Amino acid sequence: MQDLFTDTPLRQRRFCGIVALGLARWLAVLAMLCILCAQQAQSAEAADAHILFINSYHPGYSWSDGIEEGFRERLNVSGKKIELSIEYLDSRRFPYGAQTEPLAQAMEAKYTNYRPSLIVVSDNAAFDFVIQHRTRLFAELPIVFCGYNNFRPDVIQHISDITGINEEIAIEDTVAMALKVHPQTRTLAFIVSTGEASSKRIGEVAEESVFPKLRERFDVVVMKDASVAQIRQRLAGLPKETVLFLSGQATDQGAGRALTPAENGRLITAISPFPAYTFWDFHLKEGVIGGHIITGPEQGRTAADLALRVLDGTSVNDIPVIMTTPTRDIFDYRVMERFGVRPADLPAGAHIIHQPFSLWDSYRWQIIGIVTLLIAETVLIGLLLQIARDRRRALTALAQERAQLEHRVAERTKELQQANTKMALLSITDGLTGLANRRHFDEVLESEYARLRYSGLPLSLIILDVDYFKLFNDTYGHVSGDDCLRRIAAVLTSLVHCTPNLAARYGGEELAIILPETELQAATVLAERIRSGIEQQAIPHKASCVSHYVTVSLGVITVVPTALSVAAEAVKLADAQLYQAKANGRNRVVALDARPHQGG
Ligand SMILES: Nc1nc2c(ncn2[C@@H]2O[C@H](COP(=O)(O)OP(=O)(O)OP(=O)(O)O)[C@@H](O)[C@H]2O)c(=O)[nH]1
């Protein structure tokens with residue numbers, strides 16, 4: 001058995017071995033992580049493709065910048081990771097013609113070991129350079145070109161793996177458009193130049209296929225390779241109905257370099273008394289009025305589309321050259337104003353730059369919409385007001401009509417009430433004398449009797465009869481008899497006050513008076529007054545046996561209505577007193593107090 005304490009070096013060795021093994025494991029894991037990270041970093045940096053973009057001109061030259069901008073824009077949205085190298089030949093400022101060897105050497109030094117997968121060239125100088133040095137620098141690499149002026153297929157008939165987009169100015173279309181804008185035009189002036197291959201080619205094409213046709217209808221003035229001063233002199237001699245086309249450059253030089261097209265455009269438009277048309281966007285904003293404009297960004301975008309197709313695997317030989325150059329009608333408002341051209345004179349869809357903000361142009365439909373809405377609202381409000389006014393008028397008329405109607409109804413009601421009252425009065429009035437009739441007499445007597453029945457109050461009754469009235473009729477006639485009765489009734493009316501007293505024609509020549517709550521004495525006094533009143537009328541009655549005048553006899557009684565007594569008894573008693581008056585000699589009053597325990 002081993003002593004644990006005597007074997008220390010062995011245990012130390014074992015312990016060191018375990019530690020070393022652990023460390024080795026950690027180091028291995030660490031190394032693997034580093035490799036993974038490195039791989040990841042490498043894959044993150046790896047690009048899908050490397051494009052060498054060779055520009056004929058220089059940065060800051062707006063045409064080139066436009067192409068580059070359009071090219072980058074399309075690559076950025078492609079989703080591809082593309083490494084882009086850009087070379088500028090600067091051939092406009094420093095035309096080198098065929099002396100491109102130094103440039104080729106510089107590029108050879110850069111791209112021999114940093115080989116691109118695709119070459120893109122913009123404009124003719126870069127195209128010519130790449131074709132010239134292709135075998136040495138870019139053998140077998142596909143080429144996409146853009147901005148190549150007046151491209152013709154025979155240019156690449158011996159070149160493989162190449163496609164691109166033609167840049168061809170639309171001289172005829174631009175002239176046609178200018179003629180529509182300036183219909184009075186008689187002279188067409190063109191500036192052409194041969195300094196650059198592209199400009200020279202444009203001039204040649206124009207001379208071959210465009211100018212001959214135009215000369216049939218217009219004076220065509222071609223200023224070839226002229227300086228600004230020469231152009232000024234030439235333009236001064238042209239009629240005012242002239243339009244100028246900047247299809248080439250002036251020959252003037254800047255300090256140590258050629259003038260840029262923008263500078264050319266600025267100088268020429270400054271001296272031109274005529275509207276100047278262009279074909280490229282780099283002349284815009286330099287004083288030209290407008291034109292069918294080829295734009296750099298559109299060239300760049302189209303070239304990028306072609307390049308992306310190649311990178312996606314399409315054989316460049318299967319992609320035909322795009323011959324139709326996209327253009328856009330663009331005009332400069334400031335120059336239009338100078339030459340009296342209105343937006344309405346321009347072709348439909350023309351884009352105008354430098355146009356001052358016009359609320360109407362910017363928000364025409366919104367304004368029309370709002371104004372229409374306001375008008376509709378105003379009309380609606382007007383209609384509503386009109387309706388409200390009509391309604392108010394109708395209500396007023398209705399109220400007036402209602403008031404008139406109510407007034408008429410009230411009048412009719414009043415008339416009806418009056419008629420009813422009159423009828424009611426007539427129904428209780430005796431037609432001859434105007435006194436109450438017999439029916440009314442009976443009703444009042446019954447009601448007064450009933451009223452006084454439990455009161456203990458007296459009720460007096462007077463019955464009056466004309467003395468010898470038959471003789472009166474016989475003597476004076478029945479009409480006089482009626483008149484006599486009316487006069488007697490009038491005496492009663494004057495002496496007998498109304499309610500609750502009532503004078504009535506009891507029948508024939510007999511009259512009666514109801515005197516509720518009247519003592520016998522008062523009734524007798526009244527009867528006497530009536531008698532004498534009638535006598536005082538002095539109505540002649542020569543047939544009377546008691547007087548020369550009409551007289552009356554009156555019977556008066558006073559009763560106290562009781563539960564047992566009836567009105568008819570009172571009448572009978574009064575009639576008896578009248579009979580007694582007749583019997584006593586007529587023209588007198590006979591009274592009887594018919595109350596119990598009262599003397600007659
Ligand atoms: N003109 C006229 N005569 C009337 C009317 N009513 C009744 N008489 C007449 O009155 C007369 C009453 O006559 P009588 O009853 O005989 O009584 P009298 O001649 O008045 O004699 P005494 O009553 O006894 O005094 C009759 O001749 C009736 O025709 C009337 O309304 N008009």
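Just so you know, ligand 1 is whichever comes first in the structure, and atom 1 is the first atom listed for that ligand. Source: prediction; values computed, not measured.
Of the protein's non-hydrogen atoms, the one nearest atom 18 (P) of ligand 1 is Phe469 N, 3.6 Å. Nearest protein heavy-atom contact of atom 12 (C) of ligand 1 is Glu509 OE2, 3.6 Å. Atom 7 (C) of ligand 1 has as its closest protein heavy atom Gly508 CA, 3.8 Å. Here the protein heavy atom with the shortest distance to atom 23 (O) of ligand 1 is Lys582 NZ, 3.2 Å.
The heavy atom nearest to atom 5 (C) of ligand 1, considering only Arg586, Lys470, Arg486, Arg505, is found in Arg505. Relative to atom 9 (C) of ligand 1, the option among Asn473, Val552, Asp483, Thr551 with the closest non-hydrogen atom is Asn473. Nearest to atom 32 (N) of ligand 1 by heavy atom, out of Asp482, Asp430, Leu432, is Asp482.
Contact atoms of ligand 1 toward Tyr468: 18 (P), 19 (O), 20 (O), 21 (O), 22 (P), 25 (O) (distance under 4.0 Å to a heavy atom of the residue). The atoms of ligand 1 that sit less than 4.0 Å from any heavy atom of Val466 are 20 (O). Contact atoms of ligand 1 toward Asp467: 25 (O) (distance under 4.0 Å to a heavy atom of the residue). Atoms of ligand 1 found under 4.0 Å from any heavy atom of Gly481, numbered from 1 in the order shown, are 1 (N). Contact atoms of ligand 1 toward Asp465: 23 (O) (distance under 4.0 Å to a heavy atom of the residue).
Remark: the Thr433 side chain and the Asp430 side chain contain an N/O donor-acceptor pair separated by less than 3.5 Å. Between the side chains of Arg531 and Asn587, at least one donor N or O lies within less than 3.5 Å of an accepting N or O. Between the side chains of Asp332 and His354, at least one donor-acceptor pair of N or O atoms lies under 3.5 Å.
A salt bridge is absent between Lys422 and Glu415; no separation between the charged side-chain nitrogens and carboxylate oxygens falls under 4.0 Å.
Contact annotation for Leu485 and ligand 1: only side-chain heavy atoms (C-beta onward) come within less than 4.0 Å of the ligand.
Relative orientation of the Trp280 and His283 rings is perpendicular, given thresholds of 30° and 60° on the angle between their planes.
With sequence neighbours left out, Asp305 forms a side chain to side chain contact (heavy atoms under 4.5 Å, CB included) with Arg74. Partners of Tyr468 by ring-ring contact (aromatic ring centres under 6.0 Å, His included), not counting sequence neighbours: none found.
You'll find the side chain of Ile367 reaches within 4.5 Å of the side chain of Trp360, heavy atoms only. No side-chain heavy atom of Phe190 sits under 4.5 Å from any side-chain heavy atom of Leu244.
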